[in-house]
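Contents: one structure, followed by commentary.
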Amino acid sequence: MRFLALIVIGISAVATAQSPVTLVHVHGLAYSADGTRLVIPSHHGLAVYENGKWSKAPGPPHDYMGFAATAHGVYSSGHPVPGSGLINPFGLIRSRDGGKTWEKLGLEGESDFHLLATGWNTNAVYVWNSSTNSRMREPGLHYTVNDGLAWKPARGEGLDGQPQALAVHPDDTAVVAVATSSGVYLSRDHGERFAPLTKAQGVSVFFDLDGKQLWFGTFDGRARLSRAPLAGGAAIEVKLPPLRDDAVSYIAQSPRQRKLYAIATFSRGVFLSKDAGGTWTPIAERGIGSVN
């Protein structure tokens with residue numbers, strides 16, 4: 001239970017040091033479709049890491065939640081910046097220009113999806129809905145394969161614990177993973193039935209872009225990161241940088257350099273690995289972006 005308290009502290013902390021870009025909150029982690037930019041959504045718009053430097057992305061500084069990328073754009077939820085005149089919450093929105101402009105895809109004014117995941121090469125979007133809305137009669141896991149025109153519920157048989165993170169296979173819309181307070185679970189039938197991969201507290205999940213492995217973060221007194229082959233076999237633990245009272249909250253992979261991975265932590269640290277997790281370099285610590 002100690003780490004559940006840490007999650008709240010990490011998310012609500014406010015950095016006080018002066019910096020061109022301060023990650024007050026981290027609500028996601030994704031590479032741009034061309035692999036040149038690492039994008040982090042937060043309460044105050046999008047932060048971008050590109051060519052060794054941090055900057056703020058163009059576009060409105062909305063409070064983006066459930067931010068997830070595909071090869072053709074990004075999807076999100078969240079809340080509009082005060083004074084924008086937009087309806088709160090967003091429901092499901094999509095951007096095809098890196099967050100400069102957004103399209104409304106439904107459930108505006110009804111739902112704010114904190115847990116949202118997309119298939120990199122498909123238009124599958126999975127969400128965990130905490131309450132009912134006009135398209136979802138029950139709380140829980142739902143998905144759409146046509147940009148919100150129709151939503152389908154998933155039974156989630158076998159899931160246990162409080163959901164913490166979602167991931168969708170890059171090519172197979174039926175394959176989805178959920179990290180919960182009781183473990184990490186994998187489904188191959190659109191979330192109807194799940195099988196546990198580990199019973200350690202799950203905090204993050206990510207399918208690599210070749211669709212062969214599931215990466216997942218856990219916490220069992222210390223932070224761990226593992227990858228499991230989808231074809232079967234034991235998970236392999238990935239060496240992490242030193243993390244004290246912290247854990248991996250998000251995982252991302254560059255579509256251009258497939259050995260380039262990024263992780264974010266609950267204490268607003270961000271690290272890069274150019275060798276698929278062999279070594280890690282910090283690019284942000286406690287929310288303060290560093291320049292390389």
Side-chain angles (χ1 to χ4, degrees), residues 6-17 19-32 37-49 54-70 73-118 125-131 133 135-136 139 142 147-148 162-166 203-204 249-252 262 264-270 284 286-289:
L6 170 66
I7 292 177
V8 176
I9 294 171
I11 291 177
S12 61
V14 176
T16 58
S19 173
V21 173
T22 300
L23 306 174
V24 180
H25 294 239
V26 175
H27 291 167
L29 185 70
Y31 275 96
S32 58
R37 299 177 303 282
L38 182 65
V39 183
I40 297 181
S42 74
H43 276 319
H44 306 291
L46 303 177
V48 175
Y49 184 79
W54 286 97
S55 64
K56 293 182 179 179
H62 296 311
D63 175 7
Y64 296 106
M65 305 290 293
F67 185 91
T70 74
V74 293
Y75 293 76
S76 192
S77 192
H79 309 277
V81 63
S84 67
L86 298 176
I87 297 176
N88 183 32
F90 280 138
L92 181 65
I93 55 176
R94 178 182 61 196
S95 175
R96 298 180 185 271
D97 56 11
K100 295 179 183 178
T101 60
W102 293 87
E103 306 168 62
K104 301 174 183 179
L105 299 180
L107 299 173
E108 183 184 23
E110 296 188 61
S111 290
D112 170 24
F113 301 116
H114 288 204
L115 299 185
L116 182 156
T118 54
V125 179
Y126 279 75
V127 301
W128 191 278
N129 191 39
S130 59
S131 60
N133 57 45
R135 300 289 186 90
M136 303 172 188
H142 293 74
D147 288 334
Q162 181 65 31
Q164 304 289 332
L166 300 178
V203 291
S204 52
S249 56
Y250 297 100
I251 308 160
T265 75
F266 287 97
S267 292
R268 294 167 293 127
V270 185
R286 298 286 173 179
I288 306 302

Contacts of Y250 meeting side chain to side chain contact (heavy atoms under 4.5 Å, CB included) (sequence neighbours excluded), chain-then-number -> V26, L29, A264
Minimum heavy-atom distance between [X] and [Y], given as atom pair plus value:
| X | Y | result |
| --- | --- | --- |
| A30 | A69 | CB-CB, 3.6 Å |
| G99 | L46 | CA-CD1, 4.1 Å |
| G45 | Y64 | CA-CE1, 3.8 Å |
| S204 | S249 | CB-O, 3.4 Å |
| P60 | K100 | CD-O, 3.5 Å |

Those residues at least two apart in sequence (or on a different chain) that pass ring-ring contact (aromatic ring centres under 6.0 Å, His included) with Y31 are none
Residues in ring-ring contact (aromatic ring centres under 6.0 Å, His included) contact with F90, at least two apart in sequence or another chain = H62
Taking only residues two or more places apart in sequence, or in another chain, which ones meet [X] in a side-chain hydrogen bond (donor to acceptor under 3.5 Å, both in side chains)?
| X | answer |
| --- | --- |
| D147 | Y75, R94 |
| K104 | E108 |
| T70 | none |

Could you tell me whether a side-chain N or O of R135 sits under 3.5 Å from a main-chain N or O of G148, the two making a donor and an acceptor?
-> yes
If you round to the nearest 0.5 Å, how far is CG of N133 from CZ of F113?
-> 5.5 Å
At what distance, to the nearest 0.5 angstrom, does CD1 of I40 lie from OH of Y49?
-> 11.0 Å
